[in-house]
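Taking it in order: structure first as structure tokens, then the write-up.
Please read all numbers here as calculations on a predicted model, not as lab measurements. Chain identifiers are assigned alphabetically (A, B, ...) following the order of the sequence lines, protein sequences preceding nucleic acid strands; residue numbering begins at 1 within each chain.
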There are 2 protein chains.
Amino acid sequence: MATIEDVAKYAGLSRTTVSRVINNQPYVCDEKRERVFHAMQELGYVPNSSARRLRNQKTETIAIVLPRITNPFYSKLVEVMEKKASWWGYQVIICQTYHCAQKELHYLELLRKKQVDGLVMVAIQNEWTKVEEYIHAGPIVICNESIEEANTVIVGIDQQQAAYDATVHLIEQGCRRLAFISGEENSNLVQARYTGYMKALQEHHIPSMDDPIFHEAVDVESGQTILGKVVHMNNRIDGIFAGCDEVAAGIVYAAMKQGIRVPEDLAVVGFHNDTISRLMNPAITTIEVPIVEMAEKSIEQLIRSIEQPLRNKRESYQFAHTLLKRDSTNKRITVPM
Amino acid sequence: MATIEDVAKYAGLSRTTVSRVINNQPYVCDEKRERVFHAMQELGYVPNSSARRLRNQKTETIAIVLPRITNPFYSKLVEVMEKKASWWGYQVIICQTYHCAQKELHYLELLRKKQVDGLVMVAIQNEWTKVEEYIHAGPIVICNESIEEANTVIVGIDQQQAAYDATVHLIEQGCRRLAFISGEENSNLVQARYTGYMKALQEHHIPSMDDPIFHEAVDVESGQTILGKVVHMNNRIDGIFAGCDEVAAGIVYAAMKQGIRVPEDLAVVGFHNDTISRLMNPAITTIEVPIVEMAEKSIEQLIRSIEQPLRNKRESYQFAHTLLKRDSTNKRITVPM
DNA sequence: TTGTAAGCGTTATCAC
DNA sequence: GTGATAACGCTTACAA
């Protein structure tokens with residue numbers, strides 16, 4: 001591989017001049033500039049990224065930390081984030097934690113190793129205090145999580161309100177024996193939603209059918225499994241708030257298989273408005289989240305923090321969600337074919 | 001940020017000794033090793049990745065080039081690849097081309113800039129000859145594409161055979177007016193499948209209903225759109241081979257909406273066995289692809305090529321696919337509730 | 001066993 | 001305008 005030195009020699013000039021041309025700085029006469037271009041062409045020269053990173057103390061790379069990329073919600077966030085980051089000239093490293101705190105810390109180390117200039121956390125596995133320690137190693141943006149005490153940029157929606165809205169909707173549809181189904185019992189995200197859910201229940205004087213088994217649901221399969229358990233409970237549940245559309249879809253699918261009618265016997269609300277919620281039959285009522293806006297804002301703010309490091313100040317961007325009412329909760333009207 | 005120099009000074013030792021401890025090499029007595037550990041602890045030292053990369057001429061990073069991460073097939077591939085790569089201590093950069101050849105070249109440059117040690121291409125947008133030029137800058141593994149002339153590692157299934165199997169199945173179910181629907185008309189992948197599709201048609205003396213509009217289908221929406229067009233064609237199509245399950249799902253969904261019965265009026269086969277194909281009602285017949293095996297093999301081979309650079313030799317790993325027969329093609333039996 | 005010093009490929013500073 | 005030269009932080013001959 002040709003180095004800047006080789007180019008300089010070939011062109012009969014100094015490394016400095018070549019460097020100036022590469023970074024198209026002024027103070028190089030046209031003739032020499034041309035000679036440099038020619039030499040670069042001839043030698044097939046490409047600036048070495050590692051050397052640049054070392055010299056400039058900048059990697060132009062960011063990391064996105066998330067549970068698993070196959071969850072459509074995360075994958076959509078990543079799609080938009082990568083696009084945006086790429087537009088700004090940044091590479092994106094993807095970091096799957098599989099909900100493992102240890103793995104998350106491993107990826108956070110990227111910041112201390114200076115392997116990335118900053119990172120976005122979509123979901124958080126560790127105590128915030130643990131994560132916070134990394135913030136002095138580089139900017140961290142939190143996307144879609146609710147950490148009250150985080151002194152950093154935090155982008156998301158009002159999770160509590162969203163869960164409240166969904167739950168009230170279930171109640172208005174006539175549901176009286178509700179269940180709250182989610183992943184990651186102790187995450188802040190789930191806590192916030194649970195608070196909203198309970199608030200709705202209390203306001204309507206409805207007891208919760210909540211149960212520990214309902215806290216491990218992260219995909220279609222777990223949705224199916226949970227429906228199996230729900231069926232065997234004494235007090236037949238008639239309304240479910242699910243933490244994501246995959247789980248909701250699994251529930252609806254399994255319900256139909258078992259002859260449990262949705263929404264007549266069981267109404268279901270999901271979260272995120274993933275494609276699947278729209279395509280299921282019946283279509284699943286869900287909370288629409290402004291993914292594109294959230295993703296873009298996250299990247300925008302992360303890059304701003306990278307390029308002009310200043311504060312460690314909380315900065316919160318909250319976007320609006322929407323309850324999309326579909327057939328999986330529509331007890332009033334017969335589902336049209 | 002503390003450097004190795006700082007640690008050395010603090011411990012009253014040389015950079016060399018510290019380096020030895022960091023890379024746990026021999027020839028450091030326990031006492032000094034301990035002193036180094038202590039100093040590192042005390043100063044919160046973390047080795048600088050950029051410096052290491054420059055010195056070692058190695059990045060321990062790979063790139064995955066694909067169209068869009070939101071396609072569940074790609075996202076599943078990436079999930080497994082990242083997991084495997086991470087296990088080997090490699091970071092993964094994700095590169096979305098959006099089917100744009102220019103963007104692909106931009107990402108291939110990562111190899112020449114030495115920003116990654118190697119890359120996996122899932123789908124290819126440029127002429128192979130164009131891509132081939134990058135191969136001397138670092139190893140490239142091709143996953144799920146069929147490039148006959150590629151002298152590199154290539155992992156996949158027999159696309160032609162898979163399309164053939166799917167088409168024969170449609171014909172056996174009684175379909176006589178078939179259509180082939182795919183993205184990327186001129187990709188090698190689509191060409192291979194089309195060959196298999198046509199082979200099945202010819203063997204059964206059936207003319208193709210093929211049409212140019214059927215070559216832009218990459219997601220659910222395009223599937224829906226295409227169904228709209230199919231409906232208005234003179235010669236009513238009764239069987240569709242779709243290049244991926246998203247498109248198939250869009251078609252099935254739109255068909256049901258319009259009162260076209262699947263499979264009675266229109267049978268549909270998809271590709272990849274994505275979750276959605278299983279959850280749709282009717283469930284969609286599809287080609288199951290051994291994603292995990294393909295992804296793992298790709299990473300395995302890429303890392304092998306990185307760690308012991310040798311040949312530019314073609315090396316092909318072909319896995320078995322399976323036709324999963326489901327209700328979207330089951331014309332014989334009434335769909336059970 | 002330990003340390004000295006060279007060098008990985010850049011870019012910024014400063015002198016000419 | 002142009003070019004030495006000194007870093008950036010690390011590893012590895014080679015010496016001691």
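- Residue A/T17 is in sugar-phosphate contact alone, with no base atom involved, counting any heavy-atom pair closer than 4.0 Å across all strands shown.
- The CZ-C1' distance, from A/R15 to C/dC8, rounds to 12 Å in whole Å.
- Distance OG1/B/T59 to CD/A/Q115: 8.0 Å, rounded to 0.5 Å.
- Heavy atoms of B/R53 sit nowhere under 4.0 angstrom from any nucleic acid atom.
- Counting non-hydrogen atoms of other residues, nucleotides and ligands closer than 6.0 Å to NZ of A/K58 gives a total above 12.
- Contact annotation: B/N48 side-chain N/O to D/dC8 OP1/OP2 distance is not under 4.0 Å.
- Whole-Å rounding puts the B/Q57 CD to D/dG9 P distance at 18 Å.
- With hydrogens and angles ignored, no donor-acceptor pair closer than 3.5 Å exists between the side chain of B/S19 and the base of D/dT12.
- Using a 4.0 Å heavy-atom cutoff across all strands shown, A/P26 reaches no nucleic acid atom at all.
- Each of A/V18 and B/V28 was matched to the nucleotide of DNA chain C holding its nearest heavy atom; the match closer to the 5' end belongs to B/V28.
- Taking 3.5 Å as the limit, the base of D/dA7 and the side chain of A/R55 contain a donor-acceptor pair of atoms between them.
- Closest of all the heavy-atom pairs between A/G118 and A/L111 is CA-CD1, 3.6 Å.
- If you check every strand for non-hydrogen atoms under 4.0 Å, A/E31 touches nothing.
- Geometrically, B/K83 engages A/Y98 in a cation-pi contact defined by less than 6.0 Å to the ring centre and at most 45° from the axis.
- Within 4.0 Å (heavy atoms only), B/R20 reaches at least one base atom of the nucleic acid.
- Rounded to an integer number of Å, the gap from A/R35 CZ to D/dG3 C1' is 13 Å.
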